[in-house]
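The sequence lines fix the lettering, A, B, ..., with proteins before strands; numbering per chain opens at 1.
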Protein chains: 2
Amino acid sequence: MVADTRSKLLDAALETLRTQGIAGVSARSIAATAGVNQALVFYHFGSVDQLLAQAGLHGSTQRVAAYRERFAAVTSLRELLELGRALHAEERKAGNVAALAQLIAGGQTDPKLAPATTDGLNLWIGELEQTLGRVLAGTPLAEFVDVAGLARATAAAFVGLELYEGVDADGAGRAFDALEQLTTLVAALDDMGPLVRRTVRGRLRRAQS
Amino acid sequence: MVADTRSKLLDAALETLRTQGIAGVSARSIAATAGVNQALVFYHFGSVDQLLAQAGLHGSTQRVAAYRERFAAVTSLRELLELGRALHAEERKAGNVAALAQLIAGGQTDPKLAPATTDGLNLWIGELEQTLGRVLAGTPLAEFVDVAGLARATAAAFVGLELYEGVDADGAGRAFDALEQLTTLVAALDDMGPLVRRTVRGRLRRAQS
DNA sequence: GTCTATAGTCGGATAGAC
DNA sequence: GTCTATCCGACTATAGAC
């Protein structure tokens, strides 16, 4: 079946964000990618901004749904990291995180775009938060670190790394390797349970005084 | 003393990146911010792209120099985190990280912009790498994690958090709080020295098999 | 080194035929 | 719902006066 014009424009908006960046999107460039007439952007969405906003949410909804089962299957921090690496590789190829990153960059200065990108980002954050909460339950990490905040930091860092990869692939590779090593350390910390709890409690007391 | 036109354009390029985003920069908008004629962009820099590239390096050079002494004074992970928070607050107000983030977003699709933004980013990374190496020397972190990679991951995450803050300030606040808690955990880990080393070595062996 | 003026292109958005 | 045609503003870049 052939996608209708509305769907074609949503997909084309994401594709154009990915290949041309936020500075290169226009009603004309999106319509050309979709293979439809330029005026249809305004007929269906009213303005380019509104098309971009809907496209961001559309893309995130689609991708998050595709990963939901894999998030649900994660039972350890190490498995979550593995899923993160796989997700990075797959989404990089598909270009969905790249499109989201361009929307976020655009949302910095466009008040109409900011809320829509937040909604798309929150879909990822919600999934991540739920998984982190499950995996970290009963560990020192859950005791001392706000899991919702950690999910937000992770998602933001993910976007930052994606952007970094776009301008320095080698540097980003080294960054990802270091993060994997770091996660191994944290997993080891998690295994140490009670001893770590005692030490960290002492540290927190000192830090607060 | 009044800045010459060249300097005014470099500063105005950063200011315009910050307030209008990469999608809103043009020879006209930059020249208007600088209070000079639009044609001077091409006279002094040849093209808007080349002005942006030079402005990015210019801004980073300036800001990194302003922080060099404070980086050098850091002697612990906790102090480095404190400097990170201060740096975030100060640069957010000045808008320099925001400008760099917009350049990175633009560099994804503009091959002329990518190398220049990498250069600017590398100034920060170099400073961070040196400080991390000094602070982590002799700790388990330095033993198990590539410090250069960690510096790159940190810088990329910093940019991601800055962008996140631009579309969801509340969410970013929670993310920063969680990272502070996480750093306290890592600092505690660092204090535990030999015990952690043994545990982590065992874990790494298991992970590789 | 700085200005005006302008060529030529691309952009958002709309009117109206089909 | 889709098209052509069009208005008009903004853009890059250059030519040429000062």
For A:Val74, does its backbone N or O pair with a side-chain atom of A:Arg134 as donor and acceptor, under 3.5 Å?
yes
Polar side-chain atom of B:Glu91 near backbone of B:Asn96 as donor-acceptor pair, under 3.5 Å:
no
Kindly give the atom pairs (protein nitrogen or oxygen, nucleotide nitrogen or oxygen) under 3.5 Å for nucleotides 4-9 of chain D.
from  : atom 1 : to      : atom 2 : distance (Å)
D:dT4 : OP2    : A:Asn37 : ND2    : 3.2

Out of curiosity, A:Asn122 CG to A:Leu128 CG, how far, rounded to the nearest 0.5 Å?
11.5 Å
Aromatic ring pairing A:Phe176/A:His88, orientation class (parallel under 30°, perpendicular over 60°, tilted between)
tilted
Contact list please: residues 41-58 of chain B against DNA chain D, heavy atoms, distance less than 4.0 Å, in numerical order.
B:Phe42, B:Ser47, B:Val48
Of all heavy-atom pairs linking B:Val36 and B:Leu40, the shortest is CB-CD1, 4.0 Å
Can you sort out the partners of A:Arg92 under salt bridge (charged side-chain N to carboxylate O under 4.0 Å, His left out), two or more places apart, ordered by chain and number?
A:Glu162, A:Glu165
Does A:Asp4 reach the main-chain N or O of A:Ser7 with its side chain, forming a donor-acceptor pair under 3.5 Å?
yes
Counterpart residues, salt bridge (charged side-chain N to carboxylate O under 4.0 Å, His left out), relative to B:Arg18 (two or more places apart):
B:Glu15
Specify the closest pair of heavy atoms between B:Gln38 and B:Ala31, including all atoms of both residues, with the distance to one decimal.
CA-CB, 3.6 Å
For chain A and DNA chain C, what are the first and last nucleotides along the strand, 5' to 3', with at least one atom under 4.0 angstrom from a heavy atom of the protein chain?
C:dG11 to C:dT14
With sequence neighbours left out, write down each residue that passes side-chain hydrogen bond (donor to acceptor under 3.5 Å, both in side chains) with A:Glu90, or none if nothing qualifies.
A:Tyr67, A:Arg70
